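Being a predicted model, the structure only gives us computed values, none of them experimental. Letters A, B, ... are given to chains in the order of the sequence lines, protein chains preceding strands, and every chain is numbered from 1.
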Amino acid sequence: MKTGPSKPGRRSFLRAFGVASASAGLGAALLPAATVEAQAYDPGAEETKGRYRETEDVKAYYRTNGYETLTKK
Amino acid sequence: MPWPCWGKPELRHPGTHILYNTDLHVKEGGGTFRARFGIERNGETLLAEDSYSRGSDLTDGYPEFTMGVLKKLGWDSELTAEERAIIEKIGGGNIDAVSWAIDLSGGMQRICLEHGVMHYGNGKARANAWNLPDPVPVHREPIYTPRPELVAKYPTRPDERQFRLPNIGMSVQKGAVDRNIAREFPIILTSGRLVEYEGGGEETRSNRWLAELQQDMFVEVNVGDAADRGIKDGQWIWVYGAEGGAKIRVKALVTERVGRGVAWMPFHFSGFYQGKDMRQFYPEGTDPIVLGESVNTITTYGYDPVTGMQEPKATLCQIRTS
Amino acid sequence: MARMKFLCDADRCIECNACVTACKNEHDVPWGINRRRVVTINDGKAGERSVSMACMHCTDAPCAAVCPVNCFYTTADAVVLHSKNLCIGCGYCFYACPFGAPQYPKVGNFGSRGKMDKCTYCAGGPEADLSTAEYERYGSNRLAEGKLPLCAEMCSTKSLLAGDGEIIAAIYKERVLKRGYGSGAWGWQTAYRETITT
């Protein structure tokens, strides 16, 4: 899990909120006027990138599973 | 293609046909029917006639290969010096008698495959196994049979001494009929394999991935038999064997997979004996993850006349909830 | 981009549980947690069928729709993964999933639910590919190694298919056409009811 300033997500919002409420104490700070709406977890491009490749291993898998039926090339 | 692959690994033999396949070259997995029962019987050849595998240098039947056969064909000159040295070492004074099966050099297999022939010969199949007690199988009732009235017509083999041991199957069978065992033990019991298991299951049940798949010893009981006895699926029940008051405590698997009057159990469990947990008797660190009753606690007398294999597949039992 | 799919050819599955075992070994999944399991219907009756089930990596995944902490994400390979850093083990996804894929280890003195675990299509998790942290939380990442899920790669009867949806669908379609029976006439009984036997 990569977290850090480069990815301002929901958690950094919560963290900021936590700090704010601790310093301001109970009361008004519970509903700060400038609340940012919670964002859905947005995984980075690195996490969602495609990893599948048609390697020799994968090609061999397709070939052997199609032995009975797929026409041989 | 099925096992075995012949010769050394560098030959890359693909594997062997089942029975025979003369449409392929032996190097491609084709081959002949093994000449296993001799050369000749009652004046008739037991070698193949007009049948040989594709590309074979020999175009008729031939016996299993020995160094003698190789010499006769003049193929022994193709042996390498190392292969010949190994064969000579194995043969000692009688090199001609060295067969392919004990030729550790693999040279005889290699040369045979090169010539498109099978080192184990090219023979005829047989339906009459003249060297076995029943050359053609005949029906014989099990020793503990659910149909005692058939025993007079289809008895088991007479009592006899086999190798060093007595086999008194017929006496036991007669005793079971006389005492009307089938009335007290009306359910046929057979045993078999679970697909992921090996043998008695000690290794399989010691493997944490496999042990998890089947955690209890069980018996498959027909739906009707279970209803008669008030047995529910998954319930602990007792199965009683037909000999010596043996009994085992297992879980019921109520299913239509077994017919009415038939019960089935896997043979992969042990570690419980007649309801008692024997885990404490395993040497430290050797007890499998899951234990269960062994089906062979309640299987009964019976031995194959040739191999001495016990009879764990056809016997009788009774099933009760207590 | 290729979309990863699982497809179990139920006419070939022999319920050997090798996929289950291979999965547990590959990812070191603890006792009681099953990322994959073999379901048998009509057990012991004529027409008995077994099918190997795991997370089906849905296009519009119901688990992701109900997750209160949004821990799910879909990769470019159409594999549904989740972050165990975010998961709170609430169990909503268990109720949402039509395939029973989400699993929860029991943690704590009262057997409360731990963080959810499920099939990753052998594609690890949000940690760096092939890192120890990734292996400890999600198991191995065969996709990053250029391989397919182990369950499918080692299926002894070639029943369980995995890989590019287009390719495995073609393999299955050809099988079905050649067979011409059973699942070969998929959906026929829905369309024609008892008037047809497959």
Side-chain angles (χ1 to χ4, degrees), chain B residues 1-3 15 187-188 190-199 201 203-216 218-227 231-235 251-266 268-269 287-291 319, chain C residues 8-54 100 103-106 117 119 122 135 139-140 149-160:
Chain B
M1 217 156 327
W3 179 88
I187 295 178
I188 299 169
T190 184
S191 65
R193 177 175 298 279
L194 294 170
V195 69
E196 72 270 17
Y197 268 82
E198 198 280 322
E203 300 92 333
T204 316
R205 283 179 290 107
S206 299
N207 175 314
R208 61 184 162 139
W209 311 134
L210 296 172
E212 191 186 348
L213 295 171
Q214 182 62 52
Q215 300 176 18
D216 296 300
F218 65 94
V219 57
E220 290 191 347
V221 191
N222 180 266
V223 177
D225 295 327
I231 294 169
K232 292 194 198 87
D233 191 45
Q235 183 181 350
K251 271 192 170 177
L253 176 66
V254 179
T255 174
E256 286 174 40
R257 185 164 20 241
V258 288
R260 186 90 196 222
V262 180
W264 179 90
M265 280 192 268
H268 309 294
F269 281 79
D287 53 325
I289 297 164
V290 294
L291 302 179
I319 298 175
Chain C
C8 185
D9 186 344
D11 279 331
R12 280 179 166 234
C13 181
I14 57 166
E15 199 197 348
C16 73
N17 280 302
C19 46
V20 176
T21 311
C23 172
K24 298 202 88 160
N25 191 51
E26 177 73 6
H27 306 297
D28 206 11
V29 183
W31 185 285
I33 303 286
N34 279 293
R35 289 183 175 190
R36 176 168 284 286
R37 66 179 84 222
V38 179
V39 180
T40 302
I41 52 171
N42 292 330
D43 193 20
K45 300 192 180 93
E48 172 183 317
R49 280 286 184 282
S50 295
V51 58
S52 176
M53 293 295 303
Q103 306 278 303
Y104 306 87
K106 281 185 181 146
D117 188 80
C119 161
C122 286
Y135 180 79
S140 67
L150 188 63
C151 50
E153 280 208 0
M154 48 61 59
C155 177
S156 62
T157 60
K158 306 210 180 299
S159 163
L160 187 58

Legend entry - Nearest atoms (heavy-atom pairs only) where C:Val29 meets C:Cys23: CG2-O, 4.1 Å
Inset, instruction - Quick one: closest heavy-atom pair of C:Leu160 and C:Cys155, and the distance? - result: N-SG, 3.4 Å
Legend entry - Pairwise distance SG(C:Cys19) to CE(C:Met53) - rounded to 0.5 angstrom: 11.0 Å
Inset, instruction - Give, as side chain, backbone, both or neither, the part of B:Ile289 having an atom under 4.5 angstrom from any heavy atom of chain C. - result: side chain
Can you pull every donor-acceptor pair closer than 3.5 Å across chain B and chain C?
| from | atom 1 | to | atom 2 | distance (Å) |
| --- | --- | --- | --- | --- |
| B:Arg208 | NH2 | C:Asp28 | OD1 | 3.2 |
| B:Trp209 | NE1 | C:Asn25 | OD1 | 2.8 |
| B:Glu212 | OE1 | C:Lys24 | NZ | 2.2 |
| B:Glu212 | OE2 | C:Lys24 | NZ | 2.9 |
| B:Glu212 | OE2 | C:Gly32 | N | 2.7 |
| B:Arg257 | N | C:Gly44 | O | 3.2 |
| B:Arg257 | NH1 | C:Asp43 | OD1 | 2.8 |
| B:Arg257 | NH1 | C:Glu48 | OE1 | 3.2 |
| B:Arg257 | NH2 | C:Asp43 | OD1 | 3.2 |
| B:Arg257 | NH2 | C:Asp43 | OD2 | 3.4 |

Inset, instruction - Let me know if C:Val20 has heavy atoms under 4.5 Å from chain B in its side chain, its backbone, both or neither. - result: side chain
Legend entry - Closest heavy-atom pair and its distance - B:Val221, B:Val258: C-CG2, 3.7 Å
Inset, instruction - Report the distance from atom CG of B:Leu194 to atom CZ of B:Phe269, rounding to the nearest 0.5 Å. - result: 7.0 Å
Inset, instruction - Please report the shortest heavy-atom distance between C:Cys8 and C:Val51, naming the atom on each side. - result: CB-CG2, 3.7 Å
